[in-house]
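All values below were derived from every heavy atom in this structure, side-chain atoms included, with hydrogens, water molecules and symmetry-related copies excluded.
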Amino acid sequence: MRHELPDCLKPVPGTPWRRPLDQDDVAVRLETEGITDGVARADWGYSSTWEIARDCYGRLSGSEEVRIQRPSPSEMAAHFKGMLFALPLALCCLSMVLLKFSLWGGDLASDVAAAVAVGTVTSFVVTGGIVQAMARQGLFYAGTGEMRMSEIVCLRWMGYGIAALAGSALIGIGLSAFFGWLPSPLDWTAAAFHMSLGLFWLATGILYMLERNLLVTVAAVIGIAVVGILHVPLHIALIPSQLSGILVAGAFSLLMARRLLRARAAADSGRVHRQMPMRTLYLTAPYLVYGCLYYLFLFADRLMAWSAQTEVSALPLVFRGDYELPLDIALFAFVLQVGWVHSSMVRFYDRLQLAQQACEIHRVGEFNSMMQRFYVGRLIRFLPMAAAMSALVWVVAHSAGLLNGVVSARVTMLALMGYPFLVIGLWNVSLLFALSLPKAVLPAIGTGMLGDATIGYLLSRTISYEWAAAGFTVGAMLFGILSAIMVHRRFRQLDYFYFASAA
């Protein structure tokens, strides 16, 4: 019979080890390692797992905890790393402001611009949920050390995304031909941007999951450079130049993602196990829905503005450059602010560790209160910082003469008012996802999307099309506030949700 401590109860050098809270904690650890009552009797000579726990707890309660102290990045460094997530989008907007073209959009005829806009929006909506589900499954397997499975699920979701893009493109072309939305060849132009941009989002989604944000920026720069070379010195039309640039950027992203996934998986000798499709769909459904709703929310005001007051147009929507450019300008404030999401998540885990060390098992209420105060404190500090960043973007844009006209100034101001709430909503989503509560996100993003579309539709039809931006502001406020309420409620029982999430 064995008499030494089971391996699952021994501190392992180089890994964190927590002293057991009580006998029940010891029993849970034993059962997690497969030491059932039968194993306890056969291998250890005890009548049950609980008897082992009672015997071992006395020896473990006085042992020293082993902790791994990892240096936490500074607030500024964490904020800058978070900004890298949105840097490619900022570069595309900067290219549009300075060069009058980017990976998509630019100085195009009104009907062609409308087709490009349709293809761009639908590429985001179709792939948004797939990228979310791919990232969640890929991160799950990476977190359990199964790098081969992480690679397999990423490539599998990539295949699902390509199939969804192709199927939606064919359906869109068929519906457009039946209802006369976009006459040929505009429908094929929209489909081409839908497919090429969708492939780009899927490939960069893997890079984002691998935290290689800088490679996404490099891919965007390469794509814009290809567009510039083909269009300016070689005088190739903008549409084929942009499609070429997108495909080159997408190919680069996919190549880098494939190499990184393969390098990670090479060191993993674990088995590859079969997945159950229905179970996978059930587990990833909230992420699929959230990704789709999020991009519908982001583009709802644009769709309302483009489809308002189109009586003189032969198409059901009109791409309005004087509405899009102010949104691109305001987006720079979002880029400056969104880094706060990453820095806040870093501080959340830091504070969580400190609160765990400060509070014993019988002080659960104090632990939850500490984390609630942390959450509210981060929000209070963010709002003045966000206001300052928005004011900075407004002053710079106004000084550069980019806000000439009532429409530009109004749209920029409304967008600047909404982006801080969007950033707050994204932090709340990150917290709820970290606590394995994806379903709690859906009411907030769904309400925000409906508010955006409803207010944008009413104001753009009763006043003028640029007032659709007010829909974005209202929707962002709903998203930020409702998601904050969801988080604050969960933090009342954070001990339970944190334990249940195995975070």
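G245 and L103 make their closest contact through C-CD2, 4.0 Å (heavy atoms, listed as atom of the first residue, atom of the second, distance). Smallest separation of non-hydrogen atoms from M209 and L261: CE-CD2, 4.3 Å. What you find for L422 and A476 is that their closest heavy atoms are N-CB, 4.1 Å. Residues V125 and C292 share a closest heavy-atom pair of CG1-SG, 3.7 Å. Looking at every heavy atom in both residues, G475 comes nearest to F297 through C-CE1, 3.5 Å. Across every non-hydrogen atom of G138 and C154, the tightest pair is CA-SG, 4.2 Å.
Using a 4.5 Å cut-off on side-chain heavy atoms (C-beta onward), V346 and P73 make contact. A heavy-atom distance below 4.5 Å is not found between the side chains of V441 and Y294. For the pair L303/L296, no side-chain contact is recorded, criterion being any heavy-atom separation below 4.5 Å from C-beta on. Considering only heavy atoms from C-beta on, L255 stays 4.5 Å or farther from R258 through its side chain. Considering only heavy atoms from C-beta on, L327 comes within 4.5 Å of R302 through its side chain. Between F497 and Q493 there is a side-chain heavy-atom pair separated by less than 4.5 Å. No side-chain heavy atom of I173 sits under 4.5 Å from any side-chain heavy atom of L182. A 4.5 Å side-chain heavy-atom check between F200 and F252 finds every atom pair outside the cut-off.
Residue R351 places its CZ atom among 12 or fewer non-hydrogen atoms of other residues, nucleotides or ligands, all under 6.0 Å distant. Applying the 6.0 Å contact sphere to CZ of F348 captures more than 12 heavy atoms from other residues, nucleotides or ligands. Within a 6.0 Å radius of OH in Y457, no more than 12 heavy atoms belonging to other residues, nucleotides or ligands are found.
Between F193 and W188, the distance from one ring center to the other does not fall under 6.0 angstrom. Less than 6.0 angstrom separates the ring centroid of F124 from the ring centroid of F299.
The backbone N or O of A386 lies less than 3.5 Å from a partner atom in the side chain of Q337, making a donor-acceptor pair. Remark: side-chain polar atoms of S150 are not paired, donor with acceptor, to backbone N or O of E146 under 3.5 angstrom. Side-chain N or O atoms of N368 include one that pairs as donor or acceptor with a backbone N or O of D495 at under 3.5 Å. At distances below 3.5 Å, not a single donor-acceptor pair connects side-chain atoms of T447 with backbone N or O atoms of A444. Looking at Q242, its side chain does come within 3.5 Å of a backbone N or O of G105 through a donor-acceptor pair. Using a distance-only test at 3.5 Å, with no hydrogens or angles considered, a donor-acceptor pair links the side chain of S168 to the main chain of L165.
Every residue meeting the ring pair (Phe, Tyr, Trp, His ring centres under 6.0 Å) condition with Y419, not counting sequence neighbours, appears here in chain and number order: F334, F472.
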* Using the side-chain contact (heavy atoms from CB on, under 4.5 Å) rule, take V227 and S244 through it: C-alpha gap first, then chi angles, then the decisive distance, then the call. => CA-CA 7 Å; V227 177; S244 300; over 6 Å; no
* To do: Output, in order, the C-alpha distance, side-chain angles, deciding distance and verdict of side-chain contact (heavy atoms from CB on, under 4.5 Å) for D301 and Y323.
  => CA-CA 10 Å; D301 66 294; Y323 185 86; 2.6 Å; yes
* Quick one: do F332 and L94 satisfy side-chain contact (heavy atoms from CB on, under 4.5 Å)? Show the steps, please. => CA-CA 9 Å; F332 287 105; L94 184 63; 3.9 Å; yes
* To do: Let me see the working for T284 and W157 under side-chain contact (heavy atoms from CB on, under 4.5 Å), right down to the final yes or no.
  => CA-CA 11 Å; T284 59; W157 279 107; 3.8 Å; yes
* Evaluate ring-ring contact (aromatic ring centres under 6.0 Å, His included) for Y208 paired with W201, printing each intermediate quantity in order. => CA-CA 10 Å; Y208 278 128; W201 309 141; 9.5 Å; no
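With no hydrogens or angles considered, a side-chain donor-acceptor pair links S483 and N428 at under 3.5 Å. With hydrogens and angles left out, the side-chain atoms of D37 and T49 include a donor and acceptor closer than 3.5 Å. Counted by atom type alone, T122 and H194 present one or more donor-acceptor pairs between their side chains at under 3.5 Å.
Taking the six-membered ring for Trp and thresholds of 30 and 60 degrees, F433 and Y290 have ring planes more than 60 degrees apart, a perpendicular arrangement. Classified by interplanar angle (parallel below 30°, tilted 30° to 60°, perpendicular above 60°), the ring pair W306/F319 is tilted.
To the nearest 0.5 Å, the span separating CG on L442 from CE on M486 amounts to 9.0 Å. Taken from CG in L207 to CZ in R212, the straight-line distance is 8.5 Å, to the nearest 0.5 Å. L482 contributes atom CG, which lies 10.5 Å from atom CD1 of I445 (distance to the nearest 0.5 angstrom). With rounding to the nearest 0.5 angstrom, the SG atom of C92 is 10.0 Å from the CG atom of L331. Rounding to the nearest 0.5 Å places CG of L91 at 8.5 Å from OG of S95. Here the straight-line distance linking atom CG of L260 with atom CD1 of I206 works out to 10.0 Å at 0.5 Å rounding.
When each of R378, M83, K81 is tested with S343 by the rule side-chain contact (heavy atoms from CB on, under 4.5 Å), just one qualifies, namely R378.
In this structure, E151 does not pair ionically with R264, as no charged nitrogen and carboxylate oxygen lie closer than 4.0 Å.
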